[in-house]
Visitor: 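Sharing a structure, written as C-alpha cells. Questions coming.
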Amino acid sequence: MADHKPHTSHEEHLREQHLMLDPMPRGKMNEMVMESMHTTSWKFWLVFGLLSALVAYALFYKWGVMILEGLGVAGVNRPSYWGIFLVNTVFWIGISHAGTFISAILRVFKAEFRRPFTRAAELMTTFGLIQAGFSIFMHMGRVWLSYWLMPIPNERQLWPNFHSPLSWDLLAITTYLLSSTMYLFLPLIPDLAMARDRTPDGTWQKVFYRVLALGFRGTEGEWTHLRNALNIFAFAIIPVMFSVHTIVSWDFAMATRPGWNSTIFGPYFVIGALHSGMGAVVMVLAVVRGTMKNMKYFIRPEHFEAIGKLMLIISMSWAYFFFNDYIVQWYGGDKWTKELLHWHEAGPMGWMWFGMLICNVAIPWAILWNKKWRSTPWLIFIVGLLINVGMWFERYIIVPISLTINRMPFTWRLYQPGIEVWLGIGTLAFFILLYMAASRLIPLIPVWEVQEGQMAHSLRKYGRETVVTVSELE
Amino acid sequence: MTVDLNKLHAVGAIAEEAEGKWGMVIDMDLCTGCQACVAACAMENNIPYVEEVDAGYGRSMHWIRTERFWEGEYPEVKMSAYQPMLCQQCGKAPCEPVCPAFATVHSQAEQINLQVYNRCVGTRYCANNCPYQVRSFNWRDYQDSRVRPEITILANQFNPDVTVRRRGVMEKCTFCIQRIHKAQDKAKSEGREVEDGEFTTACAQACPANAITFGRIDHPESLVAQLARSPRAAHHLEELGTLPRVTYLKEG
Amino acid sequence: MAEEKALLAVFSDIDPAADAIEQLRILGVHDDCMNVISGIPVTEAMLGRPSQWTNVPRLALGGAIAGFLVGLFLAFITPNMYTIMVGGQPFTPVPPAVIVLFEMTMLGMLISTFVGVFLDSLFPNYRPMHYVPEISDGKIAILIECPPPDAQKITDVLKKLGAESVKEAEAQHL
Amino acid sequence: MSKQISRRDFLKLATAGAATTAVLTGCGPTSRFVDREPYRKMPEYTYNGISTYYATTCRECAAACGLVVRTMQGRAIKVEGNPNNPVNLGKTCARGQATLQGLYNPDRVENPVKQARGAQLSQETLDWNAATQIVADALTNTNPSEIAFLMGMAPDHLFDLVSDLAKAIGAPAPIRFGALGMFEARATLSKAAEDLFGSASMPFFDLENADVVVSFGANFLETWLSPVAFTRGFARMRRGNPERRGYFVQFEPRMSQTASKADAWIPLRPGTENLVALALGRLIAEAKGGAIPAAFASVDPVAAAAEADVIFETLERLAQTLTNAGRPLVIPGGAALGQSNGLATAEAVLALNALLGNFGLPGGVFISPLAPAQDAYHRPASAKEMTDFIAKMKSGGVKVLFVHGVNPLFELPKQLGFAEALAAVPQVISFATFPDETALASDYIFPDHHGLESWGYQRAVVSAKPVLSGAQPVVVPYFNTRATADVFLAAAALTGGTLAQAMPFADEVAFIQSKLTKLVGEEGFFAAPEINSFTAYFQQYGGWWTLDPSLATPSAANAIAKRFNASAAEFAGEGEFFFLPFVSPTLGEAGANKPWLQELADPTTTVMWNTWVEMNPATAHELGIENDDVIEIVSEAGSVEAPVYLYPAIRPDVIAMPFGQGHTAYGRFAAGRGVNPADVLGVHFNEAGDLAFAGMKVTVKKTGKIKVLSRLESRIGVYGEGLEKE
C-alpha cells in the first residue's frame, strides 16, 4: 500500500482504506490468489507435519484407546456424565456459526465488507462442524453403534426416538453440516474454474480442480442458476443456523436439572455461538493476513474494524442474555438452583466463572469501543482468542461444573478431565490442519465476489465531500 | 371443589392408575445401613465392582446405595436416617424420552422403567436427566476376563438370568425383573395370579431389618400397598411429578 | 451442429460486449444462438439479454415439500410402527414433531437447491467445451452459433466493435 | 448307626425340599457332590434353566445363619437366607451375600502344597495321599502333649471331631480363637455371667421385645455376636409394636453404625461406661424409692457424669425413661468391655438390668440355652489364653501345630509375638482355604473346601431356640481341596491302632451322622424315627432346632447385691488420644479378599477399599490435619500410618480405626491394602482375660503424605466442601 503522505487527497485515502475502492485487474488478482496458495515456506510444512503427528496421536490413537478401553480413561463420572466432550461439541458448533453469519446474514443485508472473507468464514463452519461431530461421537459409550441414531429402522421397525433432544440434534447438525458444505461449495465453483484455468496440464492439481469445477465456464445460465441458488441458501441457512444452536441448547434446557432448565437457553446459546464464532473469524483472518502472501491486499484493517464492531454488539448481547438467565435463576430461589449459582461463583472452579465474564465482556468492551484498537490485527486477534477462551469457559461451566450439582447431594462430585483433554487438543489440531490444507488447495479469497463488489463500488462527489457509492448490481 | 390432578394431567393419570404396577416401600426408620441389600443386588444382577480409584471417583456401579447426611456439629451432631436410593421406577420417568435409541423405556406390562442394554449406545443422557442419580454406566470392561483375569473364576457365580454388560452401556435397578417374570411364568403355568409375597427382589429378600417391602402396589390389600398408605409415607422429589414407585417411610 | 459453426468472440469489457450483442441481433443472430461467458456474474440486463430461465426455485420448493413429507413420516408414522411409551409422553407428540418437520423441510429444500444447480447447469460436465481460459481473467466472451456462411461477416463486425479476438471455437478439454 | 446309606440315597434325601421354592434333585451317582459341569454335559437331575436350591450354613462368621443357595448347572449363583433357621429367618448380611466371591475367589489354595514358610504361595504341590501321610506322621511321631490344634471361632463339627481326636491321642483340647471374639469381648460377657449368675454362659438379650434399649458400646447391628439376628430384633423393637416406637440410646465414644440408629447417641469418655451404668442404676434406684442396692451404693452420679463427660441432666432423663419403661433393656458389649475395667462394666450393666427387673421377662435378660448336642458352653479363647498358648509355643512346648479357620498372624496384636512363636514350632500344618498370612507361614497347606463345598453342622451362639445349623456342599469342590475332617479321619485310619479305633468313620459325613444320632426322636423342627431320615431332613431344612425357646432366667438377687468398685478404666501408653479400634461392619474379620465387600461403602463413613482413621474435625483443625492427610499413630506397641477421615460424630479426644484391612497376604484384593490396627495394640487385659483393646492412648503425627480415600458419599454435598458460605 502507498505510504501515508500529509497531502494525500481524501480520495486516495479512501482507496487505500477500502478494498472495494482499490480495484485491480482480474488477471492480476487471480495471480495473487494463486500465488498465495502456492507460496509455501518450510515453516508451513513444519507446522503441518507437527499438527499431523498431533492429530494422529491425540485424536486417532487416543480415541482408539478410549474405544477399546471404555470411557473410563476419560474424566467423566457420576454426576458429570458428559464432561469436556459436550463442552467441545458445543464449542465447535459455536465456532461454525460465524461462517454462516458472515456469508448468509451479511449477504442478505448486503454488508459489502464481507466479500473477501466469506470463504474463510465458511470453511470454519464446515471444519468446525467436523470437529463437533468428532466430539459428539467420542462422547458415545458405544460409538460403533452410532448408526443406530440415524433415521433407519431396525429389523423390527423400531426407529430412533424423536422425543429425544439428541435425535433433534442429529437431524439439525446433519442438516447444518450438509447445508453449510453445499453453501461453501457453490460459490467456490467459479473460483475452482479460475484455478483450473491457471493450472498447467499434467499436474494432479489440474485434475483436482477440473473435477471439482464440474465443467463450469461462466455462461449466463450457469451464473443465473448459481445466483438463484445462493440467494435461496443465504435466506434458508439462517434459520437452520439458529435452529442448530437452539437445539444444542435444548439438550440442556430439556433436562430436569437445576440451572439447565431455562427457557432463555436457546437465544443465549445462539448469541454465545456467534460470540465465539466471530472471535474465531478475526483470529483466522489475522493469521491468514499475517502468514499468507498477498493477503494484506485483500484483508485490511477496515475488515477488522467492521468485525470488531459486530463483536462489540454481540458481546453486549451476550451479556444481556447471560444476565437474563442469571437473574431469573437467582430470583427464583429454588434450593438447588441457588446451590448451583453459589457453586459457580464460590466453588473451587469459581475462577472460571469470573474468567468467563472478564474474557467475554470486560475485555471486549474495553478494547473494541476504540476504532483504532479494533482495527489493529494483533490486538483484535488477542481479543478474539480471549473471547474463545471465555466462551469455552462458559460451556465448561454449563456442562461439567453445573452437572456437579443436582438434586441428590450425596452424589455431587468434581470432574477431573482425563483423556478428553488430548482428544480436545486433537480436534483443535485437526481443525487447524484442515484449514492449512484448504489454504493450499482452494482459493481462500472468493475472487469473483471481490471483483463483483469492486465493480459495484465507486466514489462520488457531493459538493466538497467525496463519498463511497454502491450500486445494486444483482 | 376438588380437582383430580391425575385427570388434569391425563397422561400422568394413565401411568398412575395403570394395572400391573410393582412397587416398593422402604422404611427408613428400620434401615440400619448395613449394605446387605447392596451386596445382594450385586450378586443377583452381576454388577461389577470398579475397584478403589474408580469407586472413589464416582464410578461405583451399585444399583442401590444408602445415603446419609449429618445435622449439627459435635456434640449435638445427628446422622440422618439411612436412605437407600435405587431406581424409583418412575411412572413418568425423565430418563426415558431423552434417549435417542429407545434404550430406556416404560414397560406397559410391569409398569416399571426398563433399560435395554443391547440398544444402549452410551450417550448417558438418561443418567444426566435422572433426578435421583441412580443410573450407573459401564465406564470400562469390568466383566471381561481379558481385562480382569479374575473374572474367569468369579464369573462362575454370575446369574444366568441377567445379562452381563460390557463397556459403554448404561444400567440400573430393574426391580429384579427376572424374578418378576419367573414368578409370573410359574403362576401362569399353574393357572393363578402371582400371590403377594410369593417372591421378592434380592434387596428386600436380604434386608435383615425387613426395611424393604416389594409387591403389587396397585392391589390395595397387598402388604406393600398397605405400607404405602402409612402416614409416614413420602416420595422422594415428589415435586418433579415423576410418579415414583418407591415409597419411603420416614422416621418418627 | 454439423451445419452450425461456433464462434468465440472475446471482449475486455461489458460495454463492447453489449454493443456486439445488439449488433449481432441486427445481423439476424437469434438470442438463442448466443451465449455470454464471463468470469464474474454479469446480469442479463447489463448486456441487454433476455432473462434466463432457471428451475432452481421450483426445485427448491419441490425439495421442501418432499423434506416436509419425510419429516411427517419420521415424526408421525415411524413411532407407530413399534409403539413404545417413554416418560408418559404421547407416541407422536406435536412439539418435537415441529422440530423434525422443520429440519427435514430445510434439508430437503437446500439439497434440492444444490441439486437444482447441477441439473440446470448440466453439472458435472467433463466433455470438451467451447471456452478460452482468459475468461476467468475477466474477459467476456460471446459464443455464437451461426450457419457457416455468416461466419466471416460476423467476425468482421465483432472485430470492428472491439473484440480482442474472434475465432472459431474449438471444443477443448477444460 | 446300623447301616451306612449310599451317598446317592443320602443326597436325594438331603436336598429334598430344601426351601420353600426348592426343586428337589440329587446329584450324580458317583459323587457326593453336585458336579460343576459344562452346560453341554449336564449333571444328573439338573435341567437347563432350572435352579436347584440347597440349604446350608453361612461360614463368614460364627453366628450360624442358615442359607439357601441357588445353584444352576452346578454353579452356586446366589445366596439367600434360610427362612426356617431361627437365627436369621431368611435374612442375610452383606458378608453372607458375598460368600460366593470367596467360593469363586481367584486366590484360593488350589492344591495341597509344601509351603515351607515362603513369602508367596508355594507351587510345590503334593497329592492328597502324601498330605494325609504327613498328617498321620505328625500325629504319631509327636509327643501328644506337644501337638496343638488352633481353630476358628465356629463351634462346628470339625471342632467336635478335633476335640475327639485330641482326646483320643491325649493331646490338649483344640483352641478356638477369632478376632471377632476378641473385639466382642466374649470372655468378659461370659465371665460376668459366671460371676453374677453362677454359670459361664452367654447372656441372652431379648432386644426384639424391649421398648427402651440402652447399649453400652455393643455394636450389635454390625458384627457383635449375631448381627443378622440382632438387626431383626432391632427392627422388631423399633416398629414391631404398632402402639409404640422402640426407643434406643447408645453410649459410645464414637458414633458407630449401631449408634447411628440410636435416638440418642451419648458420647462418653472411654472407660467410664462402668461409672455411667452405676450412676444410672443409682438414679433409677432413687427414683424407685427404697434402699439403694449395694451395687449402686458407692457411686456419686454427679461426679460420675462429670468424669464421663456426660451432662448430668441427660443421665437423669434417661434414668427417668428407663424407670418408666415397660420393657427396658441395657446391653453391654464391644469396646465398652475392651477396657481394663471391662468386666466391671459388664457386671454393672447386668446389675442395672437386674435393678430394672427384666430378668426372665420379655425384652429382658436371659441365659442362652445350650445348642443341640452340646454338653457345655465352650467359649473361644480369650486373648489372655492365647498369650499363654503363645508362651507355650515360644518355649518349645509345641512341636506340631495344626491351624484351621483362623489367621492369628493377622488377627492378634503384633506385640503378642505370634510370629516369633510360630517360628519356634518345628512343624506347622495349615488347612487354610485362602493363602492368608498364617497359611503362608506354615510348612504345609492342606486346603479345606470353601464353606459352600463342605459338609458340617454348626451351633448357634445367640438364639432363643437351641439351633444346630446344617451344612452341605452346594457345588462340587472347584479346586483340588479336601475337607479337613476327612484328612484327619484318613490320617487316623493310617495311623492304625487306638486312634483308628477311636475314630472309626469312613469320612466326615459318617462322623456328622454319629453326632446327630443323639437328636433322633427329639422334639424339634422336624422329628425322624431313625438316623437316615433324620440326616436327610437335617440337610433338607438346613439344620435342626427346637420349636420353643428354652431360655433360662438368671437370678437377680446376686447381681444387685454385689458391691462394685466405681472407678474408670486405666489407659496404657502416653498420648493425647484414646485409640478405638472397631471391626469393619462390611468386611468383618475375613472379608477383605472379596471384591464386592471391598466395594461396599462403610455405613457410617462410606469409605471403600481402604482403612481410615476417624478424627473429630475440630481436633483435626487444631492439629492442622485435613481429610486424606496420612497420619502416623504411635502407641507403646508400634505405629501405623493411615489417612484421616474427619468424622463429625466422634469425641475430640478419641481416634478410631476399622479392623479388617492391612493384609500382607490373603489374595489380590486384600494384600497391601490399608493397615491393620492390631499392629499398634498393646497387650493389656481386663479381669476376664479379654484384650483391653480400647484401653490405650496414642499420639498422632502428621506425615505430610496424602492418600485420597475412596468414598461413596460426596464431600461437596455431605460436608459442603467447596461450598463454604463466608
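Letters A, B, ... are given to chains in the order of the sequence lines, protein chains preceding strands, and every chain is numbered from 1.
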Visitor: Below 4.5 Å from any heavy atom of chain A, which atoms of C/Phe91 appear? Answer side chain, backbone, both or neither.
Guide: backbone
Visitor: Within a strict 4.5 Å, meaning less than it, do heavy atoms of the A/Arg227 and C/Gln52 side chains meet?
Guide: no
Visitor: With respect to chain A, which residue among C/Ala141, C/Ala64, C/Ser51, C/Pro96 yields the maximal number of heavy-atom pairs within a distance under 4.5 Å?
Guide: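 Top option by heavy-atom pairs under 4.5 Å: C/Pro96.
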Visitor: Select all residues of residues 98-110 of chain C having any heavy atom within less than 4.5 Å of some heavy atom of chain A, and report them by number, or 'none'.
Guide: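 Within residues 98-110 of chain C, the residues that come under 4.5 Å of chain A (heavy atoms only) are C/Ile99, C/Val100, C/Phe102, C/Glu103, C/Met104, C/Met106, C/Leu107, C/Met109, C/Leu110.
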Visitor: As an exercise, state the distance from CE of A/Met29 to CG of C/Asp137, rounded to the nearest 0.5 Å.
Guide: 11.5 Å
Visitor: Report the C-alpha separation of A/Trp159 and C/Ile77 in whole Å, then their side-chain angles, then the decisive distance to 0.1 Å, and conclude whether the side chain to side chain contact (heavy atoms under 4.5 Å, CB included) test is met.
Guide: CA-CA 10 Å; A/Trp159 292 65; C/Ile77 310 292; over 6 Å; no
Visitor: Look at C/Lys139, C/Glu44, C/Met81 and state which one has the largest set of heavy-atom pairs under 4.5 Å with chain A.
Guide: C/Met81
Visitor: Using a cut-off of under 4.5 Å on heavy-atom pairs, state which of C/Leu59, C/Thr78, C/Val56 scores highest against chain A.
Guide: C/Thr78
Visitor: Do the rings of A/Phe233 and C/Phe114 sit parallel, tilted or perpendicular, given the 30° and 60° boundaries?
Guide: perpendicular
Visitor: Output the distance between atom CG (C/Asn35) and atom CD (A/Glu222), rounded to the nearest 0.5 Å.
Guide: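 Taking CG in C/Asn35 and CD in A/Glu222, the distance rounds to 8.0 Å.
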Visitor: Indicate the atoms forming the closest heavy-atom contact of A/Ile232 with C/Ala60, along with that distance.
Guide: CD1-CB, 3.9 Å
Visitor: Side chain from CB out, backbone as N, CA, C, O: work out which of these in C/Leu122 comes under 4.5 Å of a heavy atom of chain A, or both, or neither.
Guide: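 Answer is neither: C/Leu122 stays 4.5 Å or more from chain A.
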Visitor: Can you give me the closest heavy-atom contact between A/Asp197 and C/Ser136, atom names plus distance?
Guide: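 Closest pair (atom of A/Asp197, atom of C/Ser136, distance): OD2-OG, 3.0 Å.
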Visitor: On a heavy-atom basis, which atom in A/Arg217 and which in C/Leu143 lie closest, and how many Å separate them?
Guide: NH1-CD2, 4.1 Å
Visitor: Between C/Ala97, C/Ala75, C/Gly116, C/Pro93, which residue shows the highest count of heavy-atom pairs closer than 4.5 Å to chain A?
Guide: C/Pro93
Visitor: If you count heavy-atom pairs under 4.5 Å between each of C/Pro79, C/Ser121, C/Pro95 and chain A, which one has the most?
Guide: C/Ser121
Visitor: Please give me the minimum heavy-atom distance between A/His225 and C/Trp53, naming the atom from each residue.
Guide: CE1-O, 3.4 Å
Visitor: For a 4.5 angstrom cut-off between non-hydrogen side-chain atoms, does C/Asn125 reach A/Phe216?
Guide: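 They are not in contact (no side-chain heavy atoms under 4.5 Å apart), so the answer is no.
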Visitor: Does the side chain of C/Thr43 come within less than 4.5 Å of A/Trp223's, by heavy atoms?
Guide: no
Visitor: Who wins among C/Leu47, C/Val42, C/Val36, C/Val117 for the most heavy-atom pairs under 4.5 Å with chain A?
Guide: C/Val36
Visitor: Checking C/Glu134 against chain A: side chain, backbone, both or neither under 4.5 Å from a heavy atom?
Guide: neither
Visitor: What part of A/Leu158 is in contact with chain C, defined as an atom under 4.5 angstrom from a non-hydrogen atom: side chain, backbone, both or neither?
Guide: both
Visitor: Tell me, for C/Ile111 versus chain A, whether the close heavy atoms (under 4.5 Å) come from the side chain, the backbone, both or neither.
Guide: both
Visitor: Is chain A contacted by the side chain of C/Pro57, its backbone, both, or neither, given a heavy-atom distance below 4.5 Å?
Guide: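 Both backbone and side chain.
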Visitor: Between C/Arg127 and chain A, which part of the residue has a heavy atom less than 4.5 Å away: side chain, backbone, both or neither?
Guide: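 C/Arg127 has no heavy atom closer than 4.5 Å to chain A.
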Visitor: Between C/Phe73 and chain A, which part of the residue has a heavy atom less than 4.5 Å away: side chain, backbone, both or neither?
Guide: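 When you check distances to chain A, only side chain atoms of C/Phe73 fall under 4.5 Å.
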Visitor: What part of C/Leu74 is in contact with chain A, defined as an atom under 4.5 angstrom from a non-hydrogen atom: side chain, backbone, both or neither?
Guide: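 Answer is both: backbone and side chain atoms of C/Leu74 are under 4.5 Å from chain A.
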Visitor: Give a yes or no on whether the backbone of C/Thr54 and the side-chain of A/Asn228 come within a donor-acceptor separation of less than 3.5 Å.
Guide: no
